[in-house]
Amino acid sequence: MAHVEGHSGGAVGWIGWLVGILPLSLFIWYITMIPAVSEGHRYVFSAVWIETLAFRFTLEIDGLALLFLILISGIGFLIFGYAGHYLQGHRHLGRCYLYLTAFMFSMLGLVAAGDLITLFIFWELTSITSYLLIGLDHDRKSARDAALQALLVTGGGGLALLVGFILLGQVAGTFDLGELALLGSEVQGSALYVPILLLILLGAFTKSAQVPFHFWLPNAMEAPTPVSAYLHSATMVKAGVYLLARLSIVLSGRDEWVMIVTTAGVVTMLVGAVMAFLFTDLKRVLAYSTISALGTLVFLLGLGTPAAANAAIVFLLAHALYKAALFMIAGVIDHQTGTREVTQLGGLRAAMPITATIALVAAVSLAGFGPVLSFIGKEMLLEAVFSGGRMREILLIAALISAALLTAVAGMVAIRPFFGKRRETPVEPHEAGAGLLAGPLLLAFAGLILGLMPDGVTRGLIAPAAASVTGVPEELHLALWHGVNLPLMMSAASVIVGVLLFLMWEKLRTFTVRLSPLKPATPSAMYAYSLAALNSIARGQTRILQNGYLRVYLMTVFATVLALMGLLVLRNGMPPVTLADWSNLRFYEVVVAVMILAGAFVAVRSESRLGAVAALGVVGYSVALMYIIFSAPDLAMTQFVIETLTVVIFVLVLYHLPRYAKLSSSPARLRDAIISIAVGVLMTVLVLAVTHTDVDAELSRFYVENSVGGGHGRNIVNVILVDFRALDTLGEITVLAIAAIGVFAMLKLRVERNDT
Amino acid sequence: MLTGCAFLLLAAVGILRMPDIFTRMSASSKATTLGIGCMLIALALHFRDVGVTTKVLLVIAFFFLKAPVAAHVLARAAYRIGTPLWKETFVDELREYYDQEEYLVHRRGGLERPGEASPQADEAQDTSPPST
Amino acid sequence: MNATTTFLWNLLLALVWALAVGDLTVGTLGVGFLAGMLVFFVARRVVGSEAYARKIGKLLKLIAFFLADLIKSNLRVAHDVATPKFSMRPGVLAIPLDVESDGEIITFANFITLTPGTLSLDVSADRKTLFIHSMYTPDAEQMKKELKEGLERRIIEVTR
Amino acid sequence: MSVVLNICFGMLSLAMLISVIRLVRGPSLPDRVVALDLVGVLVVGMIILYDVATQLAVFLDAAIVLALVGFAGTVAFAKYLERRARPD
Amino acid sequence: MRRSLILQTAARYLIPLLFLFSIIVLFRGHNLPGGGFSGGLLAATGFSLYVFAFDAASARRALGVDTHAIMGAGLLCALLSGFVGLLRGSAFLTSWWGALGGEAVGTPILFDIGVYLVVIGSTLTTVFALAEE
Amino acid sequence: MNALLAMPVIIPLLGAALSLLGWRSRRIQRGLGVLTSVTLLVVSVLLLARVSRDGIQVTALGSWPAPFGIVLVADLFSAIMVCVASVTATAVVFYSLVSIDRRREAFGYYPLFSLLLMGVCGAFLTGDIFNLYVWFEVMLISSFVLLALGGEKPQFDSAIKYVTLNLISSAIFLAAIGMTYGLTGTLNMADLALKLPLAPQQGTVTAIAMLYLVAFGIKAAVFPLFFWLPASYHTPPVAVSAVFAGLLTKVGVYALIRVFTLLFIHDPAITHTVLMWIAGLTMLTGVLGAVAQNDFRRILSFHIISQIGYMIMGLGLYTRAALAASIFYIVHHIIVKTNLFLVSGVAKRLTGSYELKKMGGLYASYPWLAVLFMIPAMSLAGMPPLSGFFAKLGIISAGLAEEQYLLVAAAIVAGLLTLFSMTKIWGEAFWKPLPSDVEAPGAADLVAARRMMWPIAVLAAITVSLGFGAGWLYDLSTRAASQLIDRSEYIRAVLG
Amino acid sequence: MLWRKNNVRIILAIVIGTLYGAALYMMLRRHIVKLIIGLALLSHAANLLIFTAGALGGLQRGRPPIIGSDGTRLIGAHADPVPQALILTAIVISFGVLAFALVLLHRTYESVGTDDLDQMRGTEE
Ligand code: NA
Ligand code: NA
């Protein structure tokens with residue numbers, strides 16, 4: 001339970017309304033845009049962001065955008081004011097406002113975006129700000145987990161969305177929504193249409209909590225109520241719906257669209273309604289009813305008809321108003337009584353009459369039966385389904401079932417807590433202050449007023465918005481009363497069923513208990529499983545790959561080399577290796593070679609470390625002798641000294657190291673021997689392949705010619721080192737210096753500490 | 001030149017055949033000095049060049065200085081760590097001195113410390129560092 | 001080391017330098033001299049004060065004696081190595097020292113080592129005894145006497 | 001001349017191989033060090049021979065360097081052994 | 001532990017010889033085998049001998065200069081030789097030759113000296129530190 | 001002649017050499033350390049401006065013309081890399097002034113740091129394959145020392161693996177160089193570009209290419225060669241981790257890109273396909289590794305690997321857009337990853353641990369630190385409008401344009417898991433309350449933490465501006481990628 | 001004439017291969033000292049590889065790339081100085097690295113207290 005330490009009505013609580021000036025001003029500004037937009041004007045701002053990716057940051061306000069902008073800023077203002085009272089004394093109130101503001105701007109940007117990438121940027125920003133808001137009470141693990149869940153689900157969907165957007169942009173050749181709107185047939189004709197659709201839907205469905213991605217939303221109720229009211233009912237969760245509405249002009253029309261979107265919407269609508277009915281935590285109930293409403297919206301957009309689009313817009317507006325109001329009411333109840341458990345509430349009407357009134361008005365909207373905007377929405381919905389072609393019976397039945405269930409839910413939310421027997425609550429209830437009630441009051445009554453007088457809003461907002469969805473400006477008339485027709489009768493029937501359900505609620509609820517064995521199969525449980533699976537896969541993989549054994553690492557490196565080479569041999573065949581005649585060989589050369597091999601053999605086989613070091617010395621001296629034989633005196637000279645110094649340093653160090661112990665098993669030795677031999681053979685073959693042909697020694701010729709004249713030296717190797725390629729040498733002495741610093745530091749740093 | 005090489009070969013055979021480290025060193029240190037000396041002189045005679053001759057002389061001088069020192073240092077060390085003398089060595093006057101004057105811990109004969117292998121094995125010379 | 005000796009050494013080094021570099025010009029000599037000075041500058045702490053290279057005649061005699069000894073004993077070892085049976089009778093001997101200075105001791109010790117069959121093992125802390133390993137020691141006292149009166153005496157003749 | 005050189009090379013080669021045998025056999029570390037030391041000297045000898053064989057004196061310098069420093073390795077080993085011998 | 005008198009005495013003679021030879025190798029390197037590397041390594045080997053004959057502390061005393069500073073000086077020498085080219089308006093490390101007493105003297109020689117110093121400095125830093133363990 | 005070009009190599013060396021002369025003074029070392037990186041920063045910005053304005057810059061060291069002498073070449077890619085390297089280095093040096101302990105300072109931390117930079121810059125600038133090896137070694141050995149400097153058990157433990165595997169890499173690299181020279185007779189990379197196609201056996205050329213792939217793959221820490229990185233990066237002082245994380249692997253990536261755009265493009269059907277496979281597997285294994293971790297720095301370390309996959313993906317795709325995205329990604333990643341490590345250091349100061357279990361409470365108590373973590377963390381996770389988003393956008397677009405859907409899927413999954421593990425850190429170290437048994441930081445730690453946050457803030461500001469200024473950087477990267485794709489400009493600049 | 005073909009490259013190639021194999025085998029052992037001996041062998045192998053593979057005109061006997069003191073040009077076949085210079089650089093680098101690695105091992109053994117590389121997994125568990 002959030003906070004509850006503050007008291008509403010205190011002077012500080014009003015700070016929220018002060019902060020609310022920002023959304024209020026925006027709201028007013030957007031209102032002033034209505035006349036122009038309803039005339040078909042579009043406000044456009046565009047600036048190049050990334051030229052090479054053809055990305056322009058574009059904002060474009062048309063009817064659909066404006067409707068959302070007004071909702072977001074308007075409800076935002078009320079929420080800001082409400083939050084000041086509700087969260088008074090909360091330690092992160094400042095941050096909360098910061099995030100709310102950030103969220104609001106992200107949301108405004110999302111709906112105002114005139115370009116896919118711009119839209120995506122804001123889309124992701126809403127996810128992040130939502131993450132921070134859900135986790136506002138981060139001391140609770142449940143809040144942290146819920147925040148993460150919301151982020152992962154919407155973020156994962158977001159990534160799919162990004163790919164979908166990019167593909168869409170690549171298919172259409174533009175990211176601009178205005179241009180895209182004209183390219184619907186090209187996109188739908190593309191071979192990539194289905195992947196694009198699926199990816200975009202994945203994004204939209206996760207964001208708008210469609211089954212089976214809906215589970216994050218109820219969990220997100222961990223957020224303080226103002227946040228839930230704003231993000232998780234009125235605005236953010238509508239982003240997916242917005243996206244479908246926005247892109248339906250590009251994507252809708254093909255069967256895939258209708259099938260997938262409609263199905264998802266219907267299922268969500270039903271599941272949401274059922275779950276809302278079964279839960280008892282006010283916020284959860286509201287969350288599921290929101291899911292149901294989102295399903296409704298999605299399924300309307302899936303139908304793709306103008307009538308459905310109109311219905312969707314009306315329903316969307318109505319829902320935003322009453323659902324935000326209900327959330328705030330739930331918050332008020334929680335705030336004033338200390339609980340949101342429906343079963344613990346009752347008879348609050350006496351103590352909180354204003355609240356009860358507001359709740360009642362909002363509940364009427366939720367039930368969708370009365371002189372409210374949502375009633376008009378429901379009528380239009382049924383109309384649209386009715387006039388639709390396929391599956392209309394199924395859809396109709398589904399819509400009625402969910403309507404009935406939501407009616408019952410409305411009763412639970414607005415009737416049960418306020419009427420009936422008074423129950424004991426953790427806090428003695430009394431009426432909330434004006435600061436807490438202003439928001440829900442305005443919203444609930446807005447639904448009523450708009451229901452009674454729908455013309456203004458229809459002309460100014462709804463029709464232009466619907467026109468943006470369908471692409472065709474259309475005359476639209478909304479009215480409460482169409483006479484007694486089939487939709488009205490069906491609506492009435494559903495209300496009656498709803499009332500019955502409400503009355504039987506206690507009994508039906510035991511059904512939930514019986515459902516509990518199904519719990520492991522729920523998407524939420526799936527999420528938990530996959531998270532656990534991810535963790536164990538990750539750990540398992542890491543244990544295998546990052547196992548800590550240096551020799552396994554080394555083996556892997558060389559196995560990789562061998563594998564790559566094997567790949568090449570398979571593809572290109574063996575390199576040309578001629579084992580030419582040996583006649584040119586002198587016997588002492590063979591002896592020197594044998595010395596090297598013998599030295600290496602001793603070094604490998606020696607049971608004594610210093611014996612191995614001595615053998616190493618033999619290898620070094622013999623290699624140097626090889627250099628002498630093949631005309632490299634400088635090399636030999638350096639090798640002699642280096643070899644000696646190496647022995648010296650080895651000896652100095654080995655004094656401190658332990659002597660050999662047999663550590664490896666025989667199979668390990670055999671395995672290592674096989675890999676080693678394979679690598680040895682590989683290197684031999686490579687050397688032979690490289691030396692297969694003569695190569696023009698252009699460099700060497702130049703050095704020979706310029707050594708005396710340009711380099712003033714007759715020892716060409718040295719002239720190369722100090723003049724032709726002096727930079728190598730500079731780097732090399734740097735290496736030496738660093739190594740020395742390192743040795744010194746490693747040995748002395750410890751000595752010093754031991755002293756102190 | 002041939003003589004030099006012969007001496008060097010002799011040194012090699014010497015270290016192969018001699019029974020203990022001291023006799024091996026005896027055999028190798030002087031034979032090598034002499035062998036290299038001979039070869040260097042042969043070389044100087046072959047080239048008859050001032051520079052080469054100087055270098056040859058320098059190296060010979062150096063060899064005569066370093067070879068015995070190297071042999072001595074190694075022999076001394078070998079002795080001190082208790083490398084076994086040939087069984088027929090008839091007298092050891094140094095051991096008495098070490099025992100009396102330098103309190104050097106001898107690992108010869110039956111004086112091995114527990115946990116150390118027999119002096120015949122390499123391990124007597126190649127032990128783990130003292131665990132301090 | 002006094003100034004004159006230093007100068008002479010330095011001149012010698014310059015000569016060695018020029019020869020080693022391969023051509024004898026004023027230039028190389030000059031550079032060699034500078035290099036020599038550098039050597040002395042760096043090595044002055046190393047070398048310490050010693051007296052060098054006098055009594056050349058005695059020195060030559062010493063060398064001749066030594067070379068003869070060297071060849072003689074080498075042949076003996078050669079015989080021993082080349083034949084299947086060893087005629088050795090090794091032992092570790094202590095020889096009282098008359099030589100005193102570092103230079104003398106090392107010369108003596110080195111000569112002993114270079115003479116096949118014998119090997120200097122250590123000098124006692126009081127610098128009065130040299131311990132040697134000898135491969136052919138028919139008679140220990142006889143051997144000690146030979147060494148003292150042969151080599152050591154000649155060395156002292158050269159150095160004093 | 002080349003016959004003589006070849007014989008010389010042969011002898012040195014043989015000597016080298018013998019030294020390696022000692023290196024392999026040990027048994028003690030000083031034995032191995034002696035073997036290493038001898039290999040160093042034999043390498044010097046080889047270079048001298050090679051100088052003569054190729055009529056080039058430039059390789060001599062490398063031999064000199066080896067002669068000069070080879071000693072240090074032996075001394076290092078000896079020091080190692082003596083540290084081990086230190087009473088503890 | 002008592003150190004070998006014979007070795008100590010021999011070291012006194014051998015080290016200057018090695019050092020001298022190292023300088024020879026250094027300066028001759030431009031025309032014959034040798035150069036800063038082998039030269040520096042030789043000199044360093046010489047001082048390592050000193051460490052074995054005496055001990056690291058006296059070797060440090062005998063050297064007289066901090067080994068880090070030798071490295072630093074060497075790196076500076078090498079860099080300086082490169083700067084000459086820069087200052088004369090050509091690329092970094094462009095050589096410049098003059099004559100000094102009949103000998104050709106040029107920046108690559110300074111560079112080689114730098115190499116020589118770094119090699120000495122670094123090797124000795126390592127050996128000294130290890131010997132002091 | 002172009003003196004500017006050699007400066008990124010000269011300046012750090014000069015700084016280090018002077019530091020060595022003033023070995024005993026800590027103040028001199030600190031001063032020189034700062035001076036070096038700041039000067040380097042100025043120089044590298046000038047260099048980038050110059051290259052951007054006048055095209056590819058070349059200087060032939062010692063005035064020996066290519067291919068005979070060594071050339072330093074700054075094309076846009078190189079110049080960008082040098083510039084980013086010096087930016088991060090400067091930030092890290094200032095951070096080090098506060099965070100590195102006196103003992104390490106006294107034993108050459110700053111000169112080592114400068115020399116590491118020298119190696120990195122040299123590697124970015126050289127136009128010679130063997131010289132590249134030398135710079136790699138300079139960089140490696142200084143990183144070895146920095147890694148082990150003043151360490152205890154875990155540091156040594158990990159240093160062994162780091163050192164061994166990197167030495168193996170160097171050995172393979174060296175062998176490849178030997179063979180390259182044996183096959184073509186040249187070492188200059190532009191010259192190699194001309195001569196490799198003339199080599200009679202192209203199969204052998206491909207084999208050598210594979211050796212380079214493995215050698216640089218180890219340095220870049222790609223699958224399955226990355227072991228050394230997670231084994232070691234979490235052990236040294238955080239400033240060291242930070243600069244390693246930002247720069248070192250990226251030198252490997254740089255080398256891969258350079259070699260597989262300039263030299264080995266004769267058989268992309270095999271080389272670049274292998275690269276793509278490597279890229280995908282690197283992304284996934286890296287990020288899964290991160291998911292399995294519960295230590296701030298270990299998580300970050302595994303993410304390096306995963307992110308390397310994205311960079312290699314651009315190379316494997318081998319189109320202009322893909323390479324541009326890779327370059328953008330590299331720049332973004334260097335800044336962000338360095339910064340995250342720096343943040344982890346502050347978090348450690350304040351909570352006393354890198355283990356997420358023992359951390360907490362940072363969000364409530366240190367909001368600014370939270371902001372400074374959030375920016376790079378979200379950027380790494382690809383959240384818009386930060387730099388990481390545009391990096392991912394570019395690379396995914398390029399992958400989709402080439403119809404490499406599997407690879408894109410891998411990138412997407414890795415992206416989501418990156419987000420997951422960043423929020424894991426956030427949830428555990430920032431949101432979760434501080435465990436009750438953890439002591440609150442002392443006053444000195446608070447002061448230090450505050451001072452350590454300044455460089456972090458600067459890097460965070462860069463991350464933000466790289467997001468808003470993505471257009472500018474993308475422009476630059478695309479031009480750089482054009483130079484990589486069309487090799488003729490590079491070759492002409494070097495060989496005349 | 002194809003110098004490189006009928007030359008000693010074959011025997012050197014075998015030596016190189018063996019050295020690589022031996023080096024790798026040593027590095028795959030568990031004892032830290034063997035690791036470093038492997039590294040040392042590896043450096044020899046790499047140097048010889050450059051030496052053999054980089055000898056463009058084939059390996060030459062007795063033809064060092066040094067111009068005579070009379071300043072005459074080096075005429076005819078001679079050893080390629082380039083690989084020699086490269087190896088010289090590589091030798092010195094690997095010397096420095098080896099010295100460092102040795103000391104690192106020493107310190108590791110000291111602080112970890114085991115010579116078994118398999119026991120050194122502390123940072124990855
Ligand atoms: Na690296
Ligand atoms: Na990295």
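A quick note: this is a predicted structure, and the numbers were derived from the prediction, not measured.
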Report all side-chain donor-acceptor pairs from residues 133-140 of chain F shorter than 3.5 Å, counting only partners two or more places apart or in another chain.
residue, atom, partner, partner atom, Å
F/W135, NE1, F/N131, OD1, 2.7
F/E137, OE2, F/S170, OG, 2.5

Looking at F/L20, F/T478, F/I70, which one has more heavy-atom pairs under 4.5 Å with chain A than the rest? F/I70
At a heavy-atom separation under 4.5 Å, does [X] approach chain F through its side chain, its backbone, both, or neither?
X	result
A/F120	both
A/F122	neither
A/L159	both
A/I121	both
A/Q170	side chain
A/L531	side chain
A/L545	both
A/F558	side chain
A/Q541	side chain
A/A559	neither
A/A739	both

Angle between ring planes, A/W49 versus F/F390, binned at 30° and 60°: parallel, tilted or perpendicular?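 Geometry flag for F/F390 against A/W49: tilted rings.
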Taking the inter-plane angle between the rings of A/H138 and F/Y363 on a 0 to 90° scale, is it parallel (under 30°), tilted (30 to 60°) or perpendicular (over 60°)? perpendicular
Quick one: does NZ or CZ of A/R144 land under 6.0 Å from the six-membered ring centre of F/F430, within 45 degrees of the ring axis?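 A/R144 over F/F430 ring: no.
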Given that the side chain runs from C-beta out, which part of [X] has a heavy atom under 4.5 Å from chain A: side chain, backbone, both or neither?
X	answer
F/M179	both
F/L146	neither
F/L284	backbone
F/L393	both
F/L149	both
F/L211	both
F/N188	neither
F/F144	neither
F/T126	neither

If you count heavy-atom pairs within less than 4.5 Å of chain F, which of A/V557, A/D728, A/L162 leads?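 Ranked by contacts with chain F, first place is A/D728.
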Top contributor to chain F contacts, counting heavy-atom pairs under 4.5 Å, from A/L682, A/V163, A/N706, A/N572: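 Ranked by heavy-atom pairs under 4.5 Å with chain F, first place is A/V163.
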Hits for side-chain contact (heavy atoms from CB on, under 4.5 Å) against A/V685, two or more places apart or cross-chain, chain-then-number order -> A/M574, A/P575, A/V577, A/V681
Hey, is F/K432 close enough to A/D139 for a salt bridge, meaning N to O under 4.0 Å?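 The answer is no: the pair does not qualify as a salt bridge.
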Is there a donor-acceptor contact under 3.5 Å linking the side chains of F/W64 and A/D723? yes
Side-chain heavy-atom pair F/L183, A/V695 within 4.5 angstrom cut-off: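 F/L183 does not reach A/V695 side chain to side chain.
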Nearest 0.5 Å please: distance from the CZ atom of F/R479 over to the OG1 atom of A/T52. 11.5 Å
